[in-house]
2 protein chains.
Amino acid sequence: MANMKDIARIAGVSLGTVSHVLNDSAGVREPLRQRVLQAVQAAGYQPSQLARALRRDKTNMIGMIIPDITNPFFPAVVRGAEDVAFSNGYRLILCNTDNDHSKELVHLNELRTYLPAGLIVIPSNFSDLTAQAESYRRAGTGVVCIDRLPKNWSGDSVTADNEAGAYHAIRSLIQMGHTKLAAISGPLHLTNAKDRFAGFKRALREAKLHLAPEYAQETTFDKQGGYLKTNILLRLIPRPTAIFAGNDLIALGALLAIRDAGLRCPEDVSIMGFDDLDLADTTNPSLSSVSQSGYQLGTSAARILLDRLEGDKSPAKHLILETSLKLRNSTGAPPNDVRSSPAVNLTSSTKPNRKRAVR
Amino acid sequence: MANMKDIARIAGVSLGTVSHVLNDSAGVREPLRQRVLQAVQAAGYQPSQLARALRRDKTNMIGMIIPDITNPFFPAVVRGAEDVAFSNGYRLILCNTDNDHSKELVHLNELRTYLPAGLIVIPSNFSDLTAQAESYRRAGTGVVCIDRLPKNWSGDSVTADNEAGAYHAIRSLIQMGHTKLAAISGPLHLTNAKDRFAGFKRALREAKLHLAPEYAQETTFDKQGGYLKTNILLRLIPRPTAIFAGNDLIALGALLAIRDAGLRCPEDVSIMGFDDLDLADTTNPSLSSVSQSGYQLGTSAARILLDRLEGDKSPAKHLILETSLKLRNSTGAPPNDVRSSPAVNLTSSTKPNRKRAVR
DNA sequence: TTGTAGGCGTTATCAG
DNA sequence: CTGATAACGCCTACAA
């Protein structure tokens, strides 16, 4: 590979001049400028990003750390980030953590030695990102956190409006006539799971519906968790007529569990998902879901990073993206004979804290 | 960030000694060694990958170029590559080409200036990879091509056994009694699409079944293409009783087209996909498909690259991964009254299809 | 066994 | 406006 020295020789100018025309760092007179440009062309020269970075103390790479590219929600996020990064001359280093915070730490530490221009992170479970990001911040490297936030995060962030999305979804279920609503949330230590569950609870509260403790299940964000917890819910008396799943993967598991239990969706039980993955459209029945744009999550994060790189010193931004409700065939009115089903007191809420099983 | 000079100062040794203990490049006496290690610990020192790479003329980054991470087949491939790369100390730079060979070229050219340890590429449409790779090869950088091969590729490659996979799938369809088999292949300039179609034709030939030209459609590897071409096929007389889709996305579109035409799958038309994506399991009906492991595609490619890095000079490898047939509910025996089946009324096909919202 | 010095390809500073 | 020259942080002969 030709280097700058070669170009200088070919063009018959000095090294400095070549650098100047390449970076516009000094007005080089036209004839010389042309000679240099021509030499660059002829040699197919491309500057070494490595040397440049070493010298400038900054690469044009953006580190992107996510739990698992194999999870169907994340590719769109990555793609969004890559698109705006690429069109601004930045590249993405992709790292998977598998939600393991020690693996996240390894990536965080190593990435630093590449002097990335910035970092976009979907924190792992129990992420220590807040502490780690501090050292990046000190080095002037922006870190934006997306989708969910680690403990005490105060830096830039982009998330969906999980609370409101869930709230509106549940409201629509209530308007269909449901009164026995259960939830299978994701891990509640994750802010997105927690916020969605909060929206669920708010909708119930406003409708003066009581939430029995057994009606609130928590699991991991995957199909299997959804399947298992749905089995539990279906066994309860009275059986819930609608289940709010913490994400579409959980909803998928719920769909399978309902089918395996010999029940019908939505005639017996309605299912509401969250994320609106591509697959929501192709399941049987198709899945009603709260739609959020992973792509936009990615683009927004990259955008913030680029702004920071261009000198934006404003205080931390907390972007919250709108969601929208996609009603499909997994939700419908509750079964007619709902009030004849065996009674359990789920309405009175004079005693807010009912005694529950010891654990 | 602390650098080597700092460590040397803290440990009270020379720069060279620090480097020697860090790289085991010379037997440093234990006491000194300990002092250095301690200083490294204390300072939380991590060597600059940038400087190291500049000096060694090689990074520990593997460039991975794919069409689009958003295509559900690719995440597993990326993950496979990342897993073996990561566990060997290598990182992945991810680039999307959108199947645009000029974008691919941009990536190829820029990536070079990072001195990547190697490249894993799923070539774009009309890729010029063969020529480009030559310059990498000259620089001693391995390039392995996966999933599909560009024109005249003679370097390392990993692909699925597309021909055999398709062949066996079609054979099973024929054994079910189908004689009117149609195909909707992917773009035939792509080797994987071409090979699958070849397997399809071989199975027909062996069974002495004639392939009418209109029974062989070609489209892009996506849902919409599948939908459109299926509409064409369903209008033919006689109507095919089984359709071999070039991949699962096409198959998905076929499923939708069949439903929208008021036909049933598999009772009226069987659908066979290729790839066995996660979604194959959740469609309605669930999708029979030729299963190939994207993950393994990724790990194998990375493995080859690492072997090359460790000095493997053997001639180009052409790994071909086995496929397996996953029979689900989208395939079955052809309709009994097949010869009397009337042409479907498709006159309304211009009306917008329900729920196929823009994506 | 340890230390010294040169250089990887750039950019930035500072004379001319 | 142009051209030397000194870093950037590390590795590696080679010298001590």
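Just so we're on the same page: letters track the sequence lines, and every chain starts at 1. Because the structure is a prediction, the values reported are computed rather than measured. All values below come from the heavy atoms of this structure, side chains included, with hydrogens, waters and symmetry mates left out.
The salt bridge (Lys or Arg N to Asp or Glu O under 4.0 Å) search around A/R137 returns none, not counting sequence neighbours. With sequence neighbours excluded, the residues satisfying side chain to side chain contact (heavy atoms under 4.5 Å, CB included) with A/D307 are A/R303, A/E310, A/D312, A/K317. In this structure, the side chain to side chain contact (heavy atoms under 4.5 Å, CB included) partners of A/S102, at least two apart in sequence or on a different chain, are A/D100.
The nearest whole Å value for the distance from the CZ atom in A/R9 to the P atom in D/dG3 is 15 Å.
Residue pairs meeting the side-chain hydrogen bond (donor to acceptor under 3.5 Å, both in side chains) criterion with at least one member in residues 77-96 of chain B, sequence neighbours excluded: A/D68-B/R79, A/D98-B/R79, A/E110-B/R91, B/R79-B/D83, B/D83-B/Y295. Among residues at least two apart or in separate chains, ring-ring contact (aromatic ring centres under 6.0 Å, His included) pairs with a member in residues 102-154 of chain B are A/F86-B/H107, B/F126-B/H189. Among residue pairs with one or both ends in residues 33-48 of chain A, those qualifying as salt bridge (Lys or Arg N to Asp or Glu O under 4.0 Å) are A/E30-A/R33; sequence neighbours excluded.
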In a table with atom names and distances, give each donor-acceptor pair under 3.5 Å that connects a side chain of residues 39-53 of chain A to protein atoms at least two apart or in another chain.
{"from": "A/S48", "atom 1": "OG", "to": "A/L50", "atom 2": "N", "distance (Å)": "3.3"}
{"from": "A/S48", "atom 1": "OG", "to": "A/A51", "atom 2": "N", "distance (Å)": "3.0"}

Donor-acceptor pairs are to be reported for all side-chain atoms of residues 7-23 of chain A against protein atoms at under 3.5 Å, with residues two or more places apart or in another chain.
{"from": "A/R9", "atom 1": "NH2", "to": "A/D6", "atom 2": "OD1", "distance (Å)": "3.0"}
{"from": "A/S14", "atom 1": "OG", "to": "A/G16", "atom 2": "N", "distance (Å)": "3.3"}
{"from": "A/S14", "atom 1": "OG", "to": "A/T17", "atom 2": "N", "distance (Å)": "3.4"}
{"from": "A/S14", "atom 1": "OG", "to": "A/T17", "atom 2": "OG1", "distance (Å)": "3.3"}
{"from": "A/S19", "atom 1": "OG", "to": "A/N23", "atom 2": "ND2", "distance (Å)": "3.3"}
{"from": "A/H20", "atom 1": "ND1", "to": "A/G16", "atom 2": "O", "distance (Å)": "3.2"}
{"from": "A/N23", "atom 1": "OD1", "to": "A/R56", "atom 2": "NH2", "distance (Å)": "3.4"}
{"from": "A/N23", "atom 1": "ND2", "to": "A/S19", "atom 2": "O", "distance (Å)": "2.9"}

Please tabulate, one pair per line, all N/O donor-acceptor pairs under 3.5 Å involving side-chain atoms of residues 128-135 of chain B, not counting sequence neighbours.
{"from": "B/T130", "atom 1": "OG1", "to": "B/K151", "atom 2": "O", "distance (Å)": "2.6"}
{"from": "B/S135", "atom 1": "OG", "to": "B/R112", "atom 2": "NH1", "distance (Å)": "2.1"}
{"from": "B/S135", "atom 1": "OG", "to": "B/Q132", "atom 2": "O", "distance (Å)": "3.0"}

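Picking from C/dG3, C/dT2, D/dG3 the nucleotide with the shortest atom distance to the side chain of B/A26 gives C/dT2.
Axis angle between the ends of the helix from C/dT1-D/dA16 to C/dG16-D/dC1, five pairs each and rounded to 10 degrees, works out to 50°.
Of the residues in residues 29-42 of chain A, A/R29, A/L32 come within less than 4.0 Å of DNA chain D through at least one heavy atom, sorted by number.
Using modelled atom types and a 3.5 Å distance limit, the side chains of A/H318 and A/S157 yield a donor-acceptor pair.
Residues A/T17 and B/Q49 each lie close to DNA chain D; by heavy-atom proximity, the contact nearer the 5' end of the strand is made by A/T17.
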## Note on the structure
Expected string for nucleotides 8-16 of chain C under the B/S/- scheme (protein heavy atoms, under 4.0 Å, primed atoms plus P, OP1, OP2 as sugar-phosphate) is BBBBS----

